[in-house]
Amino acid sequence: MQAAAFFRKDAQGVTLFVRLTPKSSRDCLEGPELAADGRCHLKARVRAVPENGKANDALIRLLAKELAIAPREISVISGMTSRLKQIRLQGEPGELEQKLLLLV
């Protein structure tokens with residue numbers, strides 16, 4: 001599996017592909033995973049429930065902590081009510097790529 005397949009860089013930052021599991025026993029990022037359809041995503045778990053955006057907010061806080069970036073630089077751009085999400089990380093793409101590769 002190609003490690004970088006769970007995100008895509010562009011001039012303004014990175015789009016991250018995430019599979020979120022809410023109501024977990026802990027908050028954590030588990031690394032990239034290859035789905036049955038061939039797509040790659042970053043597995044994430046949060047303790048928050050999937051109600052009123054609480055799980056999405058918990059995911060943003062978790063990513064901000066793990067990547068050492070401000071939560072305001074992270075947004076959910078697709079999959080607000082789905083387990084499969086696209087997350088937008090604003091910032092310098094090269095720096096973000098290095099931080100993401102350290103998660104693998």
Q: Looking at Pro93 and Val14, what are the two nearest heavy atoms and their distance?
A: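 Taking Pro93 first and Val14 second, the nearest heavy atoms are O-CG2, 4.2 Å.
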
Q: Taking all heavy atoms of Arg88 and all of Thr15, pick out the closest pair and write down the distance.
A: NH1-OG1, 3.1 Å

Q: Grab the two heavy atoms, one from Ala48 and one from Ala58, that are nearest each other, plus how far apart they are.
A: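 Heavy atoms only, the tightest pair is CB-CB, 3.8 Å.
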
Q: Any side-chain heavy atom of Leu20 sitting closer than 4.5 Å to one from Arg45?
A: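 Heavy-atom side-chain distance check fails, nothing below 4.5 Å.
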
Q: Where is the tightest heavy-atom contact between Lys85 and Gly79, given as atom of each residue plus distance?
A: NZ-O, 2.6 Å

Q: Would you call Phe7 and Leu101 a side-chain contact if the rule is heavy atoms closer than 4.5 Å?
A: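 Sidechains of Leu101 and Phe7: in contact.
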
Q: Carefully, step by step, assess Val18 and Leu84 under the rule side chain to side chain contact (heavy atoms under 4.5 Å, CB included).
A: CA-CA 6 Å; Val18 176; Leu84 296 177; over 6 Å; no

Q: Heavy atoms only: give me the nearest Pro32-Phe6 pair and the separation to one decimal.
A: CB-CD2, 3.7 Å

Q: Could you walk me through whether Leu96 and Ile69 pass side chain to side chain contact (heavy atoms under 4.5 Å, CB included), step by step?
A: CA-CA 9 Å; Leu96 293 170; Ile69 61 177; 4.2 Å; yes

Q: When you compare the side chain of Lys23 with that of Pro50, does any pair of heavy atoms fall below 4.5 Å?
A: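 A side-chain contact exists here, since the closest heavy-atom pair is under 4.5 Å.
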
Q: Between Asn56 and Val76, is there a donor-acceptor pair closer than 3.5 Å when you use the side chain of the first and the backbone of the second?
A: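 Not at all, since once roles are kept as given, no pair shorter than 3.5 Å links the two residues.
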
Q: Name all residues meeting the side chain to side chain donor-acceptor pair (under 3.5 Å) criterion together with Asp37; count only those two or more places apart in sequence or in a different chain, and write none if there are none.
A: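 Applying side chain to side chain donor-acceptor pair (under 3.5 Å) to Asp37 gives Arg39.
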
Q: Pair Ile87, Leu42 - check side chain to side chain contact (heavy atoms under 4.5 Å, CB included), show working.
A: CA-CA 11 Å; Ile87 308 294; Leu42 180 66; over 6 Å; no

Q: So, for Ala35 and His41, which heavy atoms are closest and what is the spacing to 0.1 Å?
A: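 Scanning both residues completely, I find the closest heavy atoms to be CB-CE1, 3.7 Å.
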
Q: Just do the side chain to side chain contact (heavy atoms under 4.5 Å, CB included) check on Arg83 and Thr21 with the steps written out, would you?
A: CA-CA 7 Å; Arg83 287 180 185 255; Thr21 302; 3.8 Å; yes

Q: Quick check on the hydrophobic clustering: are Leu102 and Leu16 connected, directly or via other members, by side-chain heavy-atom contacts under 4.5 Å?
A: no

Q: Test of understanding: clusters of I, L, V, M, F, W, Y form through side-chain heavy atoms closer than 4.5 Å, transitively. Do Phe17 and Leu63 belong to the same one?
A: no

Q: Quick one: are Gln90 and Gln12 in side-chain contact, heavy atoms under 4.5 Å?
A: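 SC-SC contact between Gln90 and Gln12 confirmed.
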
